[in-house]
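Working notes, structure below.
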Amino acid sequence: GRLPADGENVTIPGEWTILMDISPAVISMFMIDGDIIIPPSNLDVNITVKTMWVRAGSITAGSSSTPHPGSITFKFIGNK
């Protein structure tokens, strides 16, 4: 696989589990049918999108007993 370039549409299929340990490029449409896990790290993760739909999947970062130690920022850009 490869990382998306700025402005691409990205779909995470239902059968996929993605380990997101970096900040991706700016995503135009981010459709999440699978699962995204942001592992414990002191690194900040920034996700910038025009549109994001967690349709049938999930985004998980830490738990109530083990909170994520870094910061996670979702930034929405565009007219919506």
Side-chain angles (χ1 to χ4, degrees):
R2 66 171 181 78
L3 296 174
D6 275 342
E8 282 193 72
N9 294 333
V10 175
T11 298
I12 306 299
E15 64 274 8
W16 286 17
T17 298
I18 300 294
L19 188 65
M20 184 178 287
D21 56 356
I22 61 163
S23 297
V26 175
I27 298 170
S28 185
M29 172 57 176
F30 198 13
M31 176 76 67
I32 302 168
D33 289 333
D35 299 306
I36 295 175
I37 298 171
I38 302 174
S41 169
N42 289 326
L43 298 175
D44 297 336
V45 176
N46 299 295
I47 300 170
T48 303
V49 299
K50 289 184 179 178
T51 305
M52 183 169 81
W53 186 9
V54 183
R55 184 168 60 176
S58 66
I59 300 173
T60 304
S63 67
S64 59
S65 62
T66 310
H68 189 276
S71 71
I72 301 168
T73 303
F74 291 89
K75 181 178 179 182
F76 292 86
I77 57 175
N79 294 327
K80 293 185 179 182

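Fair warning: this is a prediction, and the values are worked out from it, not measured in the lab. Heads up: numbering here begins at 1 and tracks the sequence.
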Would you say [X] and [Y] make side-chain contact, with heavy atoms under 4.5 Å?
| X | Y | answer |
| --- | --- | --- |
| Ile12 | Ile36 | yes |
| Lys50 | Phe76 | no |
| Thr51 | Val49 | no |
| Ser71 | Val45 | no |
| Thr17 | Leu19 | no |
| Ile38 | Ile59 | yes |

For residues 26-35, which side-chain donor-acceptor pairs fall under 3.5 Å, sequence neighbours excluded?
{"from": "Asp33", "atom 1": "OD1", "to": "Arg55", "atom 2": "NE", "distance (Å)": "2.9"}
{"from": "Asp33", "atom 1": "OD2", "to": "Arg55", "atom 2": "NH2", "distance (Å)": "2.7"}
{"from": "Asp35", "atom 1": "OD1", "to": "Ser58", "atom 2": "N", "distance (Å)": "3.4"}
{"from": "Asp35", "atom 1": "OD1", "to": "Ser58", "atom 2": "OG", "distance (Å)": "2.7"}

Closest heavy-atom pair and its distance - [X], [Y]:
| X | Y | result |
| --- | --- | --- |
| Pro40 | Pro69 | CA-CD, 4.0 Å |
| Ile22 | Pro24 | O-CD, 3.5 Å |
| Pro39 | Met20 | CD-O, 3.3 Å |

Original post:
Is there a donor-acceptor contact under 3.5 Å from the side chain of Ser41 to the main chain of Leu43?
Top reply: yes

Original post:
Can you list every salt bridge (Lys or Arg N to Asp or Glu O under 4.0 Å) pair that touches residues 58-67, not counting sequence neighbours?
Top reply: none

Subject >> Reported CD-to-CZ distance for the pair Glu8 and Arg2, which is rounded to 0.5 angstrom >> reply: 4.0 Å

